[in-house]
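Below, each value reflects all heavy atoms present in this structure, side chains not excepted, and no hydrogens, waters or symmetry copies. To find a chain, count down the sequence lines: A is the first, B the second, and so on, and within it residues start at 1.
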Amino acid sequence: MIQYGVVLFHTTSAVMRAEKLLIKGGFAIKLVPVPRQFSSDCGIAIRFDWSQHEALKSTLEKAGIEYAAIHFLDSKSA
Amino acid sequence: MIYMDNAATSWPKPPEVIKAMTLALEHAGGNPGRSGHRLSIAAARIIYDTREEIADFFGIIDPARVIFTSNATHSLNLVLRGILKPGDRVVTTSMEHNAVMRPLHRLAENGIFLTTVPCNRDGYLNLRELEQTMKTGTRLVVILHASNVTGTIMPIGEIAAIAHRNRALLLVDAAQSAGLIPIDVKSLGVDLLAFTGHKELQGPPGIGGLIINDNVDISQIEPLICGGTGSRSESEEQPEDLPDKFESGTTNLIGVAGLGAGLKWIKSRGTINIREHAKKLHRNLLEDLSTIPGVRIYGGTDSDNNIPVVSFTIAGKSVSEIGMRLDEEFGILARVGLHCAPAAHRTIGTYPEGTVRLSPGMFTKLEEIKETARAISRIAKS
């Protein structure tokens with residue numbers, strides 16, 4: 001079973017920028033509503049395969065895309 | 001019908017623009033960044049892709065430094081009201097539109113010092129005079145890139161150098177120039193660029209923007225409007241993140257979609273080709289008008305230093321009569337009067353009567369310019 005993580009951003013603009021970059025980098029991602037347990041924001045987050053979380057973090061950081069937080073999604077919330 | 005009023009708003013619009021707007025409404029009708037469902041995401045993508053297009057078009061790297069507004073007036077107000085504090089000095093020119101003059105006059109009532117550098121009768125700015133006017137403590141220089149009355153192009157790069165030598169920021173009103181003249185804010189040194197979507201960027205009315213160059217510290221700019229952004233919703237404080245700090249309220253998705261398609265249309269034609277076409281329109285219009293007895297043309301005659309906006313009067317005829325006859329007898333649509341720029345008309349000596357303004361656009365054919373000149377010649381005779 002795939003285990004998922006989710007990365008949250010401060011702006012929708014950053015989500016869109018990150019989405020393009022991650023797809024280009026070959027990451028398996030999906031845009032999802034921000035899970036309520038992590039934030040009360042009304043926006044979008046990026047769900048990813050947790051096994052790629054280190055690579056994803058460094059890809060975002062290298063591109064200078066600021067993110068708010070990265071969380072592991074347990075099976076109940078995924 | 002011949003449309004000669006592109007400086008007011010461009011018409012017709014490329015079919016791609018209309019199509020993109022319809023598609024956005026049909027297939028991406030969600031609220032960008034507010035929800036996580038597919039229609040909301042589709043809307044957010046259109047907005048982000050257009051942000052990237054605009055960033056690329058004006059030569060900045062970070063798309064978050066493209067702020068969507070309603071129009072150039074909104075962008076100019078955002079900067080002028082957001083940056084200037086009582087005691088600050090702001091320098092502008094005598095060719096400005098009321099989009100700059102009115103907010104500045106309002107601010108001057110509240111303790112901001114306003115200096116207006118006079119331009120000559122052709123609308124050109126004397127750079128030495130600008131340099132002399134700049135005193136220690138000048139916070140901002142605000143100037144239009146191209147005049148909506150005479151078409152005069154200001155030397156923005158040199159003005160930026162003068163502003164920066166005197167530790168001031170430069171705000172450029174590119175309402176008339178964006179889409180007609182290639183603008184690279186980085187190489188020109190423009191700190192803040194206000195543009196509108198509905199003129200030569202070929203978009204619809206109701207969408208515009210502000211470019212904030214990398215060097216500008218955004219904590220210096222107060223937002224004009226505060227409210228919901230879809231981000232940091234737990235907080236009742238306005239966020240500092242870009243672009244959200246300056247984009248409260250639901251974005252004009254349809255406008256953004258149309259503007260994005262307009263930019264693609266311009267890029268596919270090539271900004272250099274568009275500039276050459278604009279020069280040709282200007283040259284032809286001037287040549288044809290200058291042979292008509294009784295016609296007086298205002299502003300410079302060098303097509304390299306003008307966008308295709310030409311102001312004229314006819315001896316012994318009121319401008320409103322000329323405008324009405326052009327429309328009713330010849331189906332030629334022009335704009336007469338002061339063009340929301342009384343200062344510019346004082347500068348060129350046409351206040352308060354104003355001028356008749358002809359502004360051909362990207363869809364104007366050279367034959368239509370000939371036909372316009374023939375009509376003006378007939379009006380001048382009778």
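A distance-only check finds a donor-acceptor pair linking the side chain of Thr50(B) to the backbone of Ile46(B) [under 3.5 Å].
The existence of a salt bridge linking Glu52(B) and Arg17(A) is excluded, since no basic side-chain nitrogen approaches an acidic carboxylate oxygen closer than 4.0 Å.
Asp62(B) touches chain A through its side chain: at least one heavy atom from C-beta onward sits under 4.5 Å away, while N, CA, C and O do not. Neither the backbone nor the side chain of Glu66(A) has a heavy atom closer than 4.5 Å to any heavy atom of chain B. Heavy atoms closer than 4.5 Å to chain A are found in both the backbone and the side chain of Arg45(B).
The local environment of NZ in Lys85(B) is crowded, with over 12 non-hydrogen atoms from other residues, nucleotides or ligands closer than 6.0 Å. No more than 12 heavy atoms of other residues, nucleotides or ligands lie within 6.0 Å of NZ in Lys19(B), so this atom counts as exposed by the packing criterion.
Contacts from residues 235-265 of chain B to chain A, taken as heavy-atom pairs separated by less than 4.5 Å, involve Asp241(B), Leu242(B), Pro243(B), Asp244(B) in sequence order.
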*For Val15(A) and Tyr48(B), run side chain to side chain contact (heavy atoms under 4.5 Å, CB included): C-alpha distance rounded to whole Å, both residues' side-chain angles, the deciding distance at 0.1 Å, then the answer.*
CA-CA 9 Å; Val15(A) 178; Tyr48(B) 183 73; over 6 Å; no
_Assess the residue pair Ile143(B) and Ile156(B) against the criterion (side chain to side chain contact (heavy atoms under 4.5 Å, CB included)); give the C-alpha distance rounded to whole Å, side-chain angles, the decisive distance to 0.1 Å, and a yes or no._
CA-CA 8 Å; Ile143(B) 187 163; Ile156(B) 292 305; 4.1 Å; yes
*asked:* Go through it in stages, so that I can follow the logic: the residues are Gln220(B) and Arg139(B), the test is side chain to side chain contact (heavy atoms under 4.5 Å, CB included), and I'd like the CA-CA distance, side-chain angles, deciding distance and then a yes or no.
replied: CA-CA 11 Å; Gln220(B) 299 176 57; Arg139(B) 182 113 172 82; 2.9 Å; yes
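Interface summary for chain A: among Ala64(B), Pro63(B), Ala44(B), the most heavy-atom pairs under 4.5 angstrom belong to Ala44(B).
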Which pairs of donor and acceptor atoms, one on a side chain in residues 199-212 of chain B, lie under 3.5 Å apart (sequence neighbours left out)?
from	atom 1	to	atom 2	distance (Å)
Lys199(B)	NZ	Ala7(B)	O	3.0
Glu200(B)	OE1	Gln202(B)	NE2	3.1

